[in-house]
Each structure stands twice: as C-alpha cells, then as structure tokens.
Amino acid sequence: MLSNIRIVLVQTYHPGNIGASARAMKTMGLTDLVLVNPRQFPDLEASRLAAGAEDLVDNARVVGSLAEAVSDCVQAVGASARLRSLPLPHFDEPDAMARGLVDEASHDPVALVFGRERFGLTNDEIRCCSHQVSIPANPDYGILNLSQAVQVLAHELFTAWRRRPDSGYRSPRPAQERQPTREQLGHFQAHLSRVMQRSGFINQPHARTEDQLEALFARAQPSRRELSLLRGLLASLESHLPDA
C-alpha cells in the first residue's frame, strides 16, 4: 500500500532539500520519489543530506512535467500554504487527506505533490492535481521548509496506514522489553520454589504462599531482562545455601 504512494517534488531549487525529503520519506516507509525539473540533480548535497536514504535519491525518477509525474495516479494532492481560487476539493486537516489517500493507494497509485521552496505550486500545476491540502500552522508564521512539509504529511500518511486493521504494523520493541514465554516463567517459578524451600522460608509444600507469589509476578509482568535478573539473584542466593 505504501509503495503506491508517490512523493513529487516540483522544480526543487536546493539539491539538499531533495536528500532531506528522501530521508523524511524513508522514516515513514515511503519509497517512490519523482522529481520534476530539479534545478540541480544528481548532486552530492542531495546524497549527503539523505543520511541513510541514499537509495531513494539514487532511484528517484526525473520527469519533465507535473502532468507526466502524476499521469498514472488516480488521485494527486497538491500541498500548498496558499489557498487558490481553483474549485478543487480542499483538505482542511492533513489526517483526513492521509486517510483518503491511503484508501486509494490500496488499489492504485496516488501522489502527494510539493512545489518550489519559494512560491510553491503555480495555478497551472494545481490544475494537474485532484485535491489540495494545507498544513495548519501559526497564522503569523506558517512557513515550513520543503523537507519539513514532506515529513509532516508523510507522517500523517504513515499514521493513517498503520492504524488500518490490514496494515499488520507492529511497533518494534527492544529485546529487554519483550515478555517472557510461559516456559521461561515456569522455570522461574520452579527456581523460586526451590530456593524458598532450601532457605527454610517454607519448610513444607505451601500452595497458598507459592500461588500468592505467582500472582504477584503475574501482576508485575516482568520483561525477559527483568526475569533474567531475578533468576540471577536466585542463583546467587542458592550458591550460598548449604547442600540439602
């Protein structure tokens, strides 16, 4: 689905903005970058500011017109800070735009179009789009750098996609925060029971005590790393106990 979402940059003046935009795209899972008549490209500055997204810069397609860039798209949304007089549907909220664009991207290519750094898209270029969107900002200073605008709207697209039931998105978790398996918990409970008995804390089977402690650790939900620390503590205590 995300592979059907295209980012189009029209006549980008500073090559570094191409690289920074590619970086913004890659962090949000977008990979299709099309450049319309960039002033200077390829350029080392574009690759330098991509900072890990050089593959998007290397694979970017350069075309001669916006019409060519969006010719196969079923929907093309022009990002503009200035409202035009053209009677195009306008998204007042970027999240509404993102949901609509992601829905269309389920089946067909779509595009999000950004204009020049200084004055954005012309009226003729807006006519190549099916919709417009603006980023709500401080009315006294609502100016975003090109790559910042790409980052904001790319994040909206990624959020709309990951919230879909069919996205399959799972937030990555550090290994130390992963929950232990039932087998790992069982080994811990058995180790704890053995140490309690060898230490004299309980001198006969006492199901209630063990059940209460098991319930305590169930509520605490220790991570794998935390459970490993507890096992280490038990092993240290056990090594100082007399042999049975």
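- Contact record, D166 with M1: OD2-CE, 4.0 Å, taken as the closest heavy-atom pair.
- When the shell of 6.0 Å around CZ of R23 is examined, it contains 12 or fewer heavy atoms from other residues, nucleotides or ligands.
- Residues forming a salt bridge (Lys or Arg N to Asp or Glu O under 4.0 Å) with E117 (at least two apart in sequence, or on another chain): none.
- A salt bridge does not link R99 to D103: none of the charged nitrogens lies less than 4.0 Å from a carboxylate oxygen.
- Nearest heavy-atom pair across S130 and P89 is O-CD, 3.2 Å.
- No continuous path of ILVMFWY side-chain contacts below 4.5 Å connects V110 to V34, so the two sit in separate hydrophobic clusters.
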Name the atoms and distances for all side-chain donor-acceptor pairs under 3.5 Å in residues 140-150, with sequence neighbours left out.
{"residue": "N145", "atom": "OD1", "partner": "S147", "partner atom": "N", "Å": "2.9"}
{"residue": "N145", "atom": "OD1", "partner": "S147", "partner atom": "OG", "Å": "2.7"}
{"residue": "Q148", "atom": "OE1", "partner": "N145", "partner atom": "N", "Å": "2.9"}

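- L121 and V133 end up in different hydrophobic clusters when Ile, Leu, Val, Met, Phe, Trp and Tyr side chains are linked at under 4.5 Å.
- With salt bridges taken as basic N to acidic carboxylate O contacts below 4.0 Å, one links R116 and E125.
- Residues V36 and L56 do not share a hydrophobic cluster, defined by chaining ILVMFWY side chains whose heavy atoms lie under 4.5 Å apart.
- At least one donor-acceptor pair closer than 3.5 Å links the side chain of E226 to the backbone N or O of S223.
- At a threshold of 4.5 Å between side-chain heavy atoms, the hydrophobic network of Ile, Leu, Val, Met, Phe, Trp and Tyr places V74 and V77 in one connected group.
- Between R127 and D124 there is a salt bridge, with a side-chain nitrogen of the basic residue lying less than 4.0 Å from a carboxylate oxygen of the acidic one.
- Summarising the geometry of L227 relative to P180, their closest heavy-atom pair is CD2-CB, 3.8 Å, with the distance given to 0.1 Å.
- Across all non-hydrogen atoms, the minimal contact from V195 to L234 is CG2-O, 4.0 Å.
- At least one donor-acceptor pair under 3.5 Å links the side chain of N37 to the backbone N or O of G64.
- Under the side chain to side chain contact (heavy atoms under 4.5 Å, CB included) criterion, T159 pairs with H155, R162, R163, not counting sequence neighbours.
- Hydrophobic clustering (ILVMFWY, side-chain heavy atoms < 4.5 Å, transitive): V102 and L33 are in one cluster.
- The shortest heavy-atom contact between C128 and A76 is O-CB, 4.3 Å.
- Scanning both residues, S134 and S80, for their nearest heavy atoms gives OG-O, 2.7 Å.
- Every residue meeting the ring pair (Phe, Tyr, Trp, His ring centres under 6.0 Å) condition with H131, not counting sequence neighbours, appears here in chain and number order: F91.
- For Y169, the OH atom sits in a packed shell: over 12 heavy atoms of surrounding residues, nucleotides or ligands are nearer than 6.0 Å.
- Residues passing the side chain to side chain contact (heavy atoms under 4.5 Å, CB included) test with P139, sequence neighbours excluded: none.
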Return a table of donor-acceptor pairs under 3.5 angstrom between the side chains of residues 41-52 and protein atoms on other chains or two or more places apart.
{"residue": "D43", "atom": "OD1", "partner": "Q40", "partner atom": "NE2", "Å": "2.5"}
{"residue": "D43", "atom": "OD2", "partner": "E45", "partner atom": "N", "Å": "2.8"}
{"residue": "E45", "atom": "OE1", "partner": "R48", "partner atom": "NE", "Å": "3.1"}
{"residue": "E45", "atom": "OE1", "partner": "R48", "partner atom": "NH2", "Å": "3.4"}
{"residue": "E45", "atom": "OE2", "partner": "R48", "partner atom": "NH2", "Å": "2.7"}

